[in-house]
Amino acid sequence: MAKNYWLMKSEPDEFGILDLKEVGVEPWSGVRNYQARNFMRDEMKKGDEVLFYHSNTKPPGVAGLMTVASGPYPDPFQFKKSSKYFDPKSTKDNPRWFLIDVKFKKVFKNYVPLDALKEEKKLKDMKILQKGNRLSITPVSKVEFDHIVKMGS
DNA sequence: GCCAACGTTGGC
DNA sequence: GCCAACGTTGGC
């Protein structure tokens, strides 16, 4: 099966690429958006390549690479009452939220800021560059992926 | 800190 | 099933 390519956003204040480098593998918990969940549950496969995007920081941009390290499984925080990700409508028999594990691959030698992405004609169709897009997980084409890796190297 | 864009909720 | 109100995201 062919690999898929993705971009996943996180706020480095919460969890950035350096945190991932430290732990190696991390469950991508806390996604509470159905489209993003569907990507993790239905389309992301172990071995897929992922761009790690830092949002809500100065400047926002792609910080490095990771890979999908597991199949989908229920996000444990949805069952924890004390968690801000607790979802009272989710049950263990029929969990609402799924996630995958991600594995650290590398920190880009050159951080690729959002402004630089905007300047690339090849990347103009990327979801991340469309106005108003807030989706935290988006599919990326191989051409786009390879181009951004080149910019970061 | 502002605010535009978007997703979700809930009353009707 | 509509849609107003509300909450969140994320660039600036």
Side-chain angles (χ1 to χ4, degrees), chain A residues 4-23 26-44 48-68 72-141 143-145 147-153:
Chain A
N4 289 317
Y5 299 87
W6 307 92
L7 179 146
M8 297 171 86
K9 296 181 194 171
S10 179
E11 304 189 10
D13 284 352
E14 298 279 328
F15 186 80
I17 189 129
L18 294 178
D19 299 305
L20 181 60
K21 185 180 183 182
E22 232 177 86
V23 296
E26 176 81 2
W28 201 259
S29 56
V31 169
R32 293 294 179 268
N33 169 283
Y34 289 105
Q35 258 182 290
R37 176 207 65 183
N38 291 347
F39 284 138
M40 289 198 284
R41 191 190 57 186
D42 306 332
E43 297 195 41
M44 298 180 86
D48 282 0
E49 308 259 1
V50 185
L51 300 163
F52 195 136
Y53 180 90
H54 282 179
S55 64
N56 254 311
T57 186
K58 285 182 294 187
V62 180
L65 299 174
M66 54 191 176
T67 56
V68 177
Y73 62 96
D75 183 341
F77 290 101
Q78 68 194 307
F79 306 123
K80 294 207 172 87
K81 274 214 177 72
S82 58
S83 168
K84 67 169 174 173
Y85 298 120
F86 175 65
D87 185 343
K89 291 179 186 162
S90 186
T91 64
K92 295 216 171 177
D93 289 340
N94 188 19
R96 183 182 277 196
W97 304 110
F98 286 79
L99 52 68
I100 47 87
D101 291 344
V102 292
K103 185 168 146 201
F104 175 78
K105 185 164 180 189
K106 73 187 288 190
V107 177
F108 274 163
K109 198 168 181 185
N110 301 308
Y111 183 76
V112 183
L114 181 58
D115 280 347
L117 297 176
K118 285 179 180 166
E119 283 168 15
E120 299 292 318
K121 286 211 175 66
K122 270 187 190 167
L123 304 179
K124 67 175 169 43
D125 292 330
M126 283 185 75
K127 295 262 181 3
I128 190 89
L129 300 180
Q130 311 307 311
K131 193 178 177 186
N133 177 61
R134 303 181 315 172
L135 196 55
S136 65
I137 302 178
T138 50
V140 170
S141 75
V143 170
E144 290 163 347
F145 183 88
H147 192 65
I148 292 170
V149 170
K150 209 161 80 183
M151 292 170 76
S153 304

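Here is the naming used below: chain letters follow the sequence lines, and residue numbers restart at 1 for every chain.
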Item checked: Heavy-atom pair with the smallest gap, counting every atom of A:Q130 and A:K124 -> NE2-O, 3.1 Å
Item checked: Pairing of A:D75 and A:R37 as salt bridge, 4.0 angstrom limit -> no
Next item on the list: Look at the side-chain N and O atoms of A:K131 and state whether any lies under 4.0 Å from the OP1 or OP2 oxygen of B:dA5.
Entry: yes
Next item on the list: Identify the heavy atoms of A:E144 and A:K122 that sit nearest to each other, and give their distance.
Entry: CG-O, 4.2 Å
Next item on the list: Confirm from the modelled atom types if A:R134 and C:dT8 form a donor-acceptor pair under 3.5 Å, side chain to base only.
Entry: yes
Item checked: Protein-nucleotide distance (A:K127, atom NZ; C:dT9, atom P), rounded to Å -> 20 Å
Checklist line | A:N133 CG - C:dT9 P separation (whole Å) | finding: 13 Å
Checklist line | Option passing ring-ring contact (aromatic ring centres under 6.0 Å, His included) with A:W97 (candidates A:Y34, A:Y85, A:F77) | finding: A:Y34
Check: Taking OH from A:Y85 and C1' from C:dT8, how many angstroms apart are they, rounded to a whole number?
Finding: 12 Å
Next item on the list: Please state how far atom CG in A:D13 lies from atom P in C:dG10, giving the value in whole angstrom units.
Entry: 13 Å
Notebook entry, point to check: Would one find a side-chain N or O of A:K9 under 4.0 angstrom from OP1 or OP2 of C:dG10?
Noted result: yes
Next item on the list: Could you check how far CG of A:D87 sits from C1' of B:dG7, rounded to whole Å?
Entry: 15 Å
Margin query: Would you say A:Y53 places a side-chain N or O within less than 4.0 Å of OP1 or OP2 belonging to C:dT9?
Written below: no
Check: Between atom CG in A:L135 and atom C1' in C:dT9, what is the gap in whole Å?
Finding: 11 Å
Next item on the list: Select one nucleotide: of C:dC12, B:dT8, B:dT9, the one nearest the side-chain heavy atoms of A:Y34.
Entry: B:dT8
Notebook entry, point to check: A:Q35 has an atom CD; how far is it from atom P of B:dG7, in whole Å?
Noted result: 6 Å
Notebook entry, point to check: Think A:K89 has a side-chain N or O under 4.0 angstrom from the OP1 or OP2 of B:dG10?
Noted result: yes
Note to self: Would you say the rings of A:F52 and A:W6 are close, in the sense that their centroids are separated by under 6.0 Å?
What the structure shows: no
Checklist line | Rounded interatomic separation in angstrom, taking CG from A:L7 and C1' from C:dT9 | finding: 15 Å
Next item on the list: Let me know, please, whether A:N33 or A:N56 comes out on the 5' side of the other along DNA chain B by nearest nucleotide.
Entry: A:N56
